[in-house]
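The sequence lines fix the lettering, A, B, ..., with proteins before strands; numbering per chain opens at 1.
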There are 2 protein chains.
Amino acid sequence: MMNRESIVKALREKGIKLTPQRLAIIEVLIERNDDHPGAGVIYREARKKIRRISLSTVYATLGEFSRRGIIKTLQFDQMENRYEGNLAEHVNLICKGCGKIIDYEAPISLDPAKVAKKTGFQMLDSRLEYYGYCRDCAGRPKGKRDKILL
Amino acid sequence: MMNRESIVKALREKGIKLTPQRLAIIEVLIERNDDHPGAGVIYREARKKIRRISLSTVYATLGEFSRRGIIKTLQFDQMENRYEGNLAEHVNLICKGCGKIIDYEAPISLDPAKVAKKTGFQMLDSRLEYYGYCRDCAGRPKGKRDKILL
DNA sequence: AGCTAATCTGGAATGATTCTGAATTGTATA
DNA sequence: TATACAATTCAGAATCATTCCAGATTAGCT
Ligand SMILES: [Mn+2]
Ligand SMILES: [Mn+2]
Ligand SMILES: [Zn+2]
Ligand SMILES: [Zn+2]
């Protein structure tokens, strides 16, 4: 999961063309998996790998991958959206100071069947996040550590 | 919690002036609590209550309340942000078809102490969401029920 | 009643994302 | 290996929720 071969295979199976742009984006997503990079970072990193790639393509590709369930999009509005290849259910710990996003494995068990029975809601994707301060930012003086407002 | 008196009291205590605009916004938030309304809805509803209020004020007020911990902001980028007064930890079930947001009470317990010990991360606010289809939208034919892309 | 910092306002600015339509290219097929 | 064409890429324009601005108004205090 989240290695070049498996992704390339997934793309072939879904009939998505393999282009240099897409391969570059995939590489960035793999290399920076822990960072949960945004479109800007992905664009700049991908540019180092191949001669030509446009921001439009980056957005189109990330949208396509996300829609196909190959990656996951974390949406924000005061901050670039962030993308991750870790599709396993996990909690993202998001630092309000520096925007760092840390994966936290935890068996969060909402039983889809129970939820459906109670509310009629059919669960598909989850978004489990906690906002707070990472080790580094928790250290800094209170006044000057907020970047994300919330 | 989430009644006019308690909120007004909270504002007075925090030294936030009571203006007609703010009171109107508070009333909307209370009346439409279940809807998790966006800034647009809040603006239009508030306009029915008082002669003059601008969208700028609605945004400023919601931002202020959110920052002060009086309400909570749910951030999106393909959809207006949504606001809620239910500060208790709960899961929001978000319908990808119609955008409806349903509160779901569930004892999702990540132990802050344990997380801090493991990762150094200091948890403050949570955002627990599941995306899927509400009872109504789950019924409709697959092709024509998606509004939220993700 | 007067003072003043806080608040409100309409309009302009922002900025991430989406859209557009023409040019390019990956891949299936012969 | 060449051909065909739908898929993909591209630069630039458009979108639109949100934020910023600077001047006008006002809540709450003395
Ligand atoms: Mn993650
Ligand atoms: Mn809720
Ligand atoms: Zn941090
Ligand atoms: Zn629905």
Just to confirm, is there a sub-4.0 Å distance from OP1 or OP2 of [N] to any side-chain nitrogen or oxygen of [X]?
{"X": "A/R22", "N": "D/dT9", "result": "yes"}
{"X": "B/R52", "N": "C/dC8", "result": "no"}
{"X": "A/N81", "N": "C/dT17", "result": "yes"}
{"X": "B/T57", "N": "C/dC8", "result": "no"}
{"X": "B/Q21", "N": "C/dT9", "result": "yes"}

B/K17 has a side chain; which of C/dC8, D/dC10, D/dG28 sits nearest to it?
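Comparing C/dC8, D/dC10, D/dG28 against the side chain of B/K17, the answer is D/dG28.
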Using the side-chain heavy atoms of B/Q78, tell me which of these nucleotides is nearest: D/dA17, C/dT18, C/dT27.
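My answer, after comparing the listed nucleotides, is C/dT18.
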Nearest-angstrom distance from the residue atom [atom1] of [X] to [atom2] of [N]:
{"X": "B/Y43", "N": "C/dT9", "atom1": "OH", "atom2": "P", "value": "9 Å"}
{"X": "A/Y83", "N": "C/dA16", "atom1": "OH", "atom2": "P", "value": "12 Å"}
{"X": "B/L55", "N": "D/dC21", "atom1": "CG", "atom2": "P", "value": "18 Å"}
{"X": "A/Y59", "N": "D/dT15", "atom1": "OH", "atom2": "C1'", "value": "13 Å"}
{"X": "B/E64", "N": "D/dT19", "atom1": "CD", "atom2": "P", "value": "13 Å"}
{"X": "B/K14", "N": "C/dT7", "atom1": "NZ", "atom2": "P", "value": "14 Å"}
{"X": "A/I50", "N": "D/dT9", "atom1": "CD1", "atom2": "P", "value": "9 Å"}
{"X": "B/Q75", "N": "C/dA16", "atom1": "CD", "atom2": "C1'", "value": "13 Å"}

Is the shortest side-chain N to carboxylate O distance from [X] to [Y] below 4.0 Å?
{"X": "A/D125", "Y": "B/K96", "result": "yes"}
{"X": "A/E31", "Y": "A/K49", "result": "yes"}
{"X": "B/R68", "Y": "B/E64", "result": "yes"}

Just checking A/R127: does its CZ atom have more than 12 heavy atoms from other residues, nucleotides or ligands closer to it than 6.0 angstrom?
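More than 12 heavy atoms, drawn from other residues, nucleotides or ligands, come within 6.0 Å of this atom.
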Check whether any side-chain heavy atom of A/I16 sits under 4.5 Å from a side-chain heavy atom of A/I70, and report yes or no.
yes
Is the shortest side-chain heavy-atom distance between A/R12 and A/K14 below 4.5 Å?
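No, side chains not in contact.
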Of all the heavy-atom pairs spanning A/Y59 and A/E80, show the shortest one and how long it is.
OH-OE2, 4.5 Å
Would you call the rings of B/H90 and B/H36 parallel, tilted or perpendicular, taking 30° and 60° as the class edges?
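Because their plane-to-plane angle lies in the 30° to 60° range, the rings of B/H90 and B/H36 count as tilted.
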Quick one: label A/T19 by what it contacts on the DNA or RNA (base, sugar-phosphate, nothing), any heavy atom closer than 4.0 Å.
sugar-phosphate
For DNA chain D, whose closest nucleotide is more 5', that of B/P20 or that of B/R82?
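Its nearest nucleotide lies further toward 5', so the answer is B/R82.
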Is B/S56 side chain donor-acceptor paired with the C/dG10 base, going by distance under 3.5 Å alone?
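Answer yes: a donor N or O sits under 3.5 Å from an acceptor.
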If we fit an axis to the first five pairs and another to the last five of the helix from C/dA1-D/dT30 to C/dA30-D/dT1, what angle do they make, to the nearest 10°?
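It works out to 40° between the end axes.
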